[in-house]
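I have placed the structure first, in the form of structure tokens, so that the comments after it can refer back to it.
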Amino acid sequence: MLFNSWTFVVFLLLVFVGYYFGPSWLSRTATGQIGWLTLASFIFYGWHTPWLVILLAISTFVNAEAARRLLEPGASRARRLWVLWVALGFNLGALAFFKYASLFARLLLPTALWEKWRPFIGNIPLPIGISFYTFQGISLVMDLWRGGASGVPGVSFPKGRPEIVRFHERTWFFKSFFPQLISGPIVKAHEFYHQIGLKSLGGVDWNGAIKHLIAGFFLKMVVADNLKEATVALAYPKFLALPKLSLLVLLYGFSFQIFADFCGYSLIAIGLGKLFGYELPINFRSPYLSRSFTEFWRRWHISLSTWLRSYLYIPLGGNRHGALRTYCNLFIVMFLGGLWHGAAWSYAVWGTAHGVLLAIERALGVSATDADRNRPWTLAGLFRAFITFNVVSILWLLFKLPDFGQVIEYARCLVRNPVGLQPQSFFVIALFSVPIFLMHLHAALPSAKARLSAEFGERGLAWTEAAVYANMLLLVVVNSGTPGEFIYFQF
Amino acid sequence: MSRSSQALRILCLAVTLGVVFAVFVGLVPWRAELAENNFQANLIRLQAFLFDPPPRAVLVGSSISGRLLPSYFAQTKFAPLANLGLDGSGPGFGLEFVLKQPPPLVLIEENALLRPSDGNDETLRQAVGGLEFRAARYVPLLRADRRPSSLLYSWLKRRQDTPSNTSPASPVTATRSQSGAGKRELSRPIIEELRARIKSLLEHQSRIVLLRLPAGRPETANDNPAFTTGDELAKEFNLRQLDLAAECSLRGYALKYTDGLHLTPSSAREVSRLLADLLQRTDSTPGAGEADIAKGASGRQRL
């Protein structure tokens with residue numbers, strides 16, 4: 001079910017009304033509310049392909065059972081380790097089978113055998129959202145393996161049947177909560193479990209929910225969906241006849257589109273979470289303001305980069321075993337992070353390229369912390385941000401053209417095609433990139449907000465902010481683009 | 001600030017802005033005839049045909065005829081004329097909608113007569129069946145010709161009427177790629193469908209004229225098998241054909257194209273004027289006069 005569909009609007013209304021205004025056994029008890037949201041999440045997930053709920057249910061059940069066994073007070077380390085490996089094997093196996101079987105079979109099987117198995121392997125469907133909920137499952141077992149019950153606040157070993165049922169109920173809810181089920185943000189167990197409980201309508205953060213929902217729908221329906229109409233020309237063989245400047249403009253257009261599309265989804269997810277009383281982690285912090293690639297990964301798809309850091313980079317040794325090992329770890333993490341996006345070598349190349357850039361920056365002593373976001377802007381900083389944005393945008397080409405040969409063809413066209421610009425696509429990209437530019441400008445000048453506040457007072461600032469959001473909402477109604485799926489659904 | 005005060009402020013302001021915008025677009029006569037993308041441009045044309053007062057004539061075809069904007073016919077007796085020259089589609093698809101409310105005069109573009117239905121048609125069909133499209137009939141604010149970005153694009157496009165390429169190129173289009181008898185054979189189901197739709201339109205007393213439009217370079221039936229089909233249909237149903245490409249060439253019009261296939265606004269205006277002129281002359285022949293068209297129009301209004 002798409003967030004930007006009428007079906008979803010009706011679904012959301014029904015779920016919301018049931019959640020807060022349903023019969024008392026449903027809306028006045030934590031069990032009722034959690035059960036209701038879990039049921040709604042499974043309906044949401046299986047709306048177009050009902051059999052998918054079986055896969056989600058199996059994945060959830062296995063992870064919940066593994067989590068319960070990891071919590072067992074008297075369990076030996078060996079037994080816990082065995083449980084961890086089984087759970088990881090199951091999660092990664094499911095991902096490998098559904099997502100990478102075709103890629104690896106083509107690579108590893110002899111040609112004759114590959115041709116024989118191709119009809120089967122080539123037709124294995126890719127369940128939507130599998131990369132996201134599998135990673136959540138891994139985060140649950142890893143958090144419990146590392147810290148036991150204290151690794152996931154809000155969790156304790158369930159004793160007796162009623163507690164086991166309650167534990168399963170909460171784990172099923174954590175894995176399936178519909179706002180973040182299909183495209184994240186990837187919620188870690190330690191960020192979510194302690195929030196699970198009875199919620200009341202009075203506790204809803206309406207301001208946050210409405211602002212996130214409006215900004216999310218605006219980015220998706222007005223910015224991304226309109227940009228999509230222009231960037232559709234950045235496909236093979238359409239781009240072959242385009243002049244140089246158009247090719248460049250389309251590349252930047254796609255860079256803005258992928259940001260608006262994915263950031264839009266994440267904001268909607270956060271807003272929906274707030275409607276039901278849950279806080280989901282922030283996923284983007286104006287990534288195109290990054291002054292280095294290290295900073296970029298602290299601002300882009302934050303829930304994935306923190307997941308990779310916590311559950312892959314650090315277990316691999318992080319930066320604790322010398323420079324060479326650190327570079328290797330960065331390389332491995334980014335290679336796998338790239339491959340996480342899709343079963344094509346171009347994604348791996350994309351991830352590896354980012355890994356190499358991160359390693360180079362580390363060698364040059366470039367570092368970034370969250371506090372760096374508030375550093376004042378200098379000319380050198382602007383230049384670095386310009387370079388980072390351009391390189392990141394060029395690398396997005398591997399997302400738009402997953403066939404590597406087409407990327408090379410694009411580069412050739414950039415050299416040999418005549419200089420020129422198609423006014424129609426330029427108009428679309430220039431116009432619908434303005435909101436992205438303004439968003440980043442707003443984030444780049446945190447002092448401006450304080451100055452405005454001093455000038456107009458808190459009340460004036462609140463009205464200004466309200467006017468901005470009201471305009472965005474109006475544009476969602478009157479200026480949306482062609483409705484389409486979210487880009488990150490394919491991952 | 002309470003946890004809902006800002007949300008309320010935003011929603012109240014949004015409603016106010018919506019009302020102001022609705023009143024504003026209701027008062028000013030600005031309407032977008034063009035859009036910044038094909039999908040919205042097609043919605044503008046479809047909504048104008050389906051929601052505006054019934055037109056006296058409709059032009060059905062591909063993006064080639066899409067350039068002959070309704071406003072170019074405003075001063076002719078064929079106004080209001082609706083344009084269903086849909087970007088990325090062919091006349092067969094446009095005729096689906098024309099059959100829902102057949103006007104007295106139907107102009108069918110021959111150039112893309114054999115264009116098969118594809119994903120573009122399906123997307124449009126879904127959009128027309130969607131809630132937003134149907135709501136736009138009653139809530140003008142939701143109409144594609146009121147989209148702020150389309151209004152801006154339309155305005156800029158009208159201001160800038162200079163061709164980017166005056167020499168015809170060799171575009172790759174579905175129309176041209178359909179050359180050859182083999183391809184024509186493959187188009188048999190399309191031809192059958194066209195035949196059925198033309199028959200149905202004639203039963204509704206619509207007058208049909210087949211048009212060959214200038215599209216970059218002189219074309220013959222050998223270049224474009226759609227023309228052979230046009231000839232066959234004209235003969236079978238006794239339809240009038242107008243070869244505007246040949247007429248323009250005879251009159252020495254120096255037509256210009258934006259991309260080697262689509263007319264620039266100034267050339268499209270010229271061709272529209274010529275079309276209106278030729279149609280008017282056709283009307284003056286017995287049995288196909290203005291009276292017929294007017295009668296048809298009033299008949300439709302009664303419906």
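Here is the naming used below: chain letters follow the sequence lines, and residue numbers restart at 1 for every chain. Heavy atoms only: backbone and side chains are in, while hydrogens, waters and symmetry mates are out.
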Counting only heavy atoms not in [X], do more than 12 sit closer than 6.0 Å to its [atom1] atom?
{"X": "A/R416", "atom1": "CZ", "answer": "yes"}
{"X": "A/H194", "atom1": "NE2", "answer": "yes"}
{"X": "A/F426", "atom1": "CZ", "answer": "no"}

Output the distance between atom [atom1] ([X]) and atom [atom2] ([Y]), rounded to the nearest 0.5 Å.
{"X": "B/Q6", "Y": "A/K211", "atom1": "CD", "atom2": "NZ", "value": "5.5 Å"}
{"X": "A/L473", "Y": "B/L11", "atom1": "CG", "atom2": "CG", "value": "7.0 Å"}
{"X": "A/M472", "Y": "B/I10", "atom1": "CE", "atom2": "CD1", "value": "8.0 Å"}

Closest heavy-atom contact between [X] and [Y]?
{"X": "B/A14", "Y": "A/A470", "result": "N-CB, 3.5 Å"}
{"X": "B/P148", "Y": "A/N479", "result": "CD-OD1, 3.0 Å"}
{"X": "A/N207", "Y": "B/S5", "result": "OD1-N, 3.5 Å"}

Measuring heavy-atom distances to chain A, does [X] have an atom under 4.5 Å in its side chain, in its backbone, in both, or in neither?
{"X": "B/L17", "answer": "both"}
{"X": "B/E36", "answer": "both"}
{"X": "B/L43", "answer": "neither"}
{"X": "B/A35", "answer": "backbone"}

Interface moiety of [X] toward chain B, non-hydrogen atoms closer than 4.5 Å:
{"X": "A/V428", "result": "side chain"}
{"X": "A/Y469", "result": "both"}
{"X": "A/Q422", "result": "neither"}
{"X": "A/V468", "result": "neither"}
{"X": "A/S480", "result": "backbone"}

With a 4.5 Å cut-off on side-chain heavy atoms, are A/W463 and B/L13 touching? yes

Checking heavy-atom separations under 4.5 Å from chain B, one finds in residues 217-226 of chain A A/N226

Would a distance-only check, ignoring hydrogens and angles, find a side-chain to backbone donor-acceptor pair under 3.5 Å from A/E229 to B/N38? no

Between A/F427 and B/L152, does the side chain to side chain contact (heavy atoms under 4.5 Å, CB included) criterion hold? Intermediate values first, please. CA-CA 10 Å; A/F427 172 85; B/L152 178 64; 3.9 Å; yes

